[in-house]
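One structure below.
Letters go in sequence order (proteins before strands), and every chain restarts at 1.
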Amino acid sequence: MLIDFILIPLVKILIIVVLMLLTVSYSVYFERKISAWAQNRIGPNRVGPAGIFQPFADVFKLLFKEDIVPKVANKPLHTLAPILALFVAFTTYAVIPIGPPVEIFGKMINLAVVDVNSGVLLVLALTSLGVYAITFSGWSSGSKYSLLGGVRSSAQMISYEISMGFSVAGVLIFAESLRPSDIISSQSGWMWNAVLQPIGFLTFLTASFAETNRLPFDLPEAEPELVGGYHTEYSSMKFAGFFLAEYANMIIASAMIVMLYLGGWQVPYIETLGLSAGLQASLQIAAFFVKIGALLFFFIWVRWSIPRFRYDQLMDLGWKVMFPLSLLNLVWAAILAMIMN
Amino acid sequence: MSLETILFYFFASICAVTSVLVVVRREPVFSALFLVLNFASLAGIYVTLYAQFIAVVQVIVYAGAIMVLFLFVIMLLRPEKEKSIFSGNPTLQKLSIGVGVLVFFQLIYIIIAGTISSGKSVAAEQRIRTGEVEFIGRELITNYLLPFESIAFLLLAATIGALVISKKKFE
């Protein structure tokens, strides 16, 4: 009882949080390395061999910086905003399974912190709370750049949540469940949703760029127009909080794409190879991380290749292109599901 | 005390405190923030009642969508600079105090005089199953099809209404 309900989830939570923090700090490092590669520079190379300890140096630098709060700022909300951003970014991961259920010391252990009935909806619900972090930070700073960034971002996130939701509906038609483990097992073999419903995959991918505020949709923090957008008035660890949350959100978006469209932890036809159960499970977990890594690379690659959209273009794309496309995908998924049954 | 009871008191106390704070805070942004917290704790209560789907939908619809729009309006219009409704209208103030007291005593009466009607004991598995999305979906498109469709129709009408209002020129 005590082990099942408290100890095992706690261990899982600890592992997930440590993994997330490490991946987040190293995705910042890779962002800098890949941008350097894209722009024909060298990138960070001073701290450790090839600069691999750079993330720790960055964190210490931010920790020792002075925390400046503007005089006109609304102090409680100004402090709450980055906490909220981090809360949303780290709790979302609880429902995403990183591998098949494995047997450890005679106990079947699910490789997600919890496997709840409406898991996908839970992720959407928590990410929709992420808007508050940005609007509160924008409003409480008492600066017009921050406010503009906050307002832009809430409009952007609400608009793209619609096409995101409709794309997910297409996946749910095939899985006939909202439970993450069911969604993954419905994509056995090459029946990945990215293959079955490519339009939905593209709309979800684009919407997740908009939801994570990454280029080409990073209008909430567009430097040339808004200085830094919603986090203009933040410094020290509070700024780092937003920074961490952005990268954590990127990882969650990648994990969601892998779970919904790229078959989760599954490797097609691995069962036919006749491997031992332990080896098969570890290969599948490795496959999950490889898929996430590839998507993270894609996120970074796009950032350094495509210029930022104008605000009206962003809204036009969201409402006049993405929304109809995701509806079309829903119809396509329904027809396909009818034919296949 | 079982875990359920502890969780119920935890969420219920947050719920009660925040709903008072929504009304008494002077800055509208804080009121909105406490309303969001109130919705979140309500979602927690739903989970203790085995209604996971309703809990998640509560967060998505109320906390994630409706309150964001509220905040939008508050941030852009800055209502803290507006004059209070009551300062220019003492009759309205007396009237609203009267209505408030009436509703308060009505609620107290219901709590004291009312009987708890949950005499039915349902097995835990049954209760868990009814909160799942499959069960709710099936009920919605079989037993409750007409209300479901009429709500859809109502929402469509509301959307069209919003479109008409937001058009600048009437022709």
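- In this structure, A/Tyr132 and B/Leu71 have side chains that are in contact, with non-hydrogen atoms separated by less than 4.5 Å.
- Nearest heavy atom pair, residue A/Glu176 against residue B/Glu134, reads O-OE2, 4.5 Å.
- B/Val36 touches chain A through its side chain: at least one heavy atom from C-beta onward sits under 4.5 Å away, while N, CA, C and O do not.
- For A/Phe87, the CZ atom is loosely surrounded, since the number of other residues' heavy atoms within 6.0 Å does not exceed 12.
- Of residues 121-129 of chain A, those residues lying under 4.5 Å from chain B by any heavy-atom pair are A/Leu121, A/Leu122, A/Leu124, A/Ala125, A/Ser128, A/Leu129.
- Residue pairs meeting the ring pair (Phe, Tyr, Trp, His ring centres under 6.0 Å) criterion with at least one member in residues 159-187 of chain A, sequence neighbours excluded: A/Tyr160-A/Phe217, A/Phe166-A/Phe323.
- Crowding of B/Phe148 atom CZ: a count of heavy atoms from other residues, nucleotides or ligands under 6.0 Å not exceeding 12.
- When heavy atoms are compared at a cutoff of 4.5 Å, A/Val151 approaches chain B by way of both its backbone and its side chain.
- Residue B/Phe53 holds its CZ atom at 7.0 Å from CG of A/Leu178, rounded to the nearest 0.5 Å.
- By the 6.0 Å contact criterion, OH on B/Tyr144 is open, its count of non-hydrogen atoms from other residues, nucleotides or ligands being 12 or less.
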Intermediate values then yes/no, side chain to side chain contact (heavy atoms under 4.5 Å, CB included), B/Ile74 and A/Trp139: CA-CA 10 Å; B/Ile74 291 169; A/Trp139 183 83; 5.6 Å; no

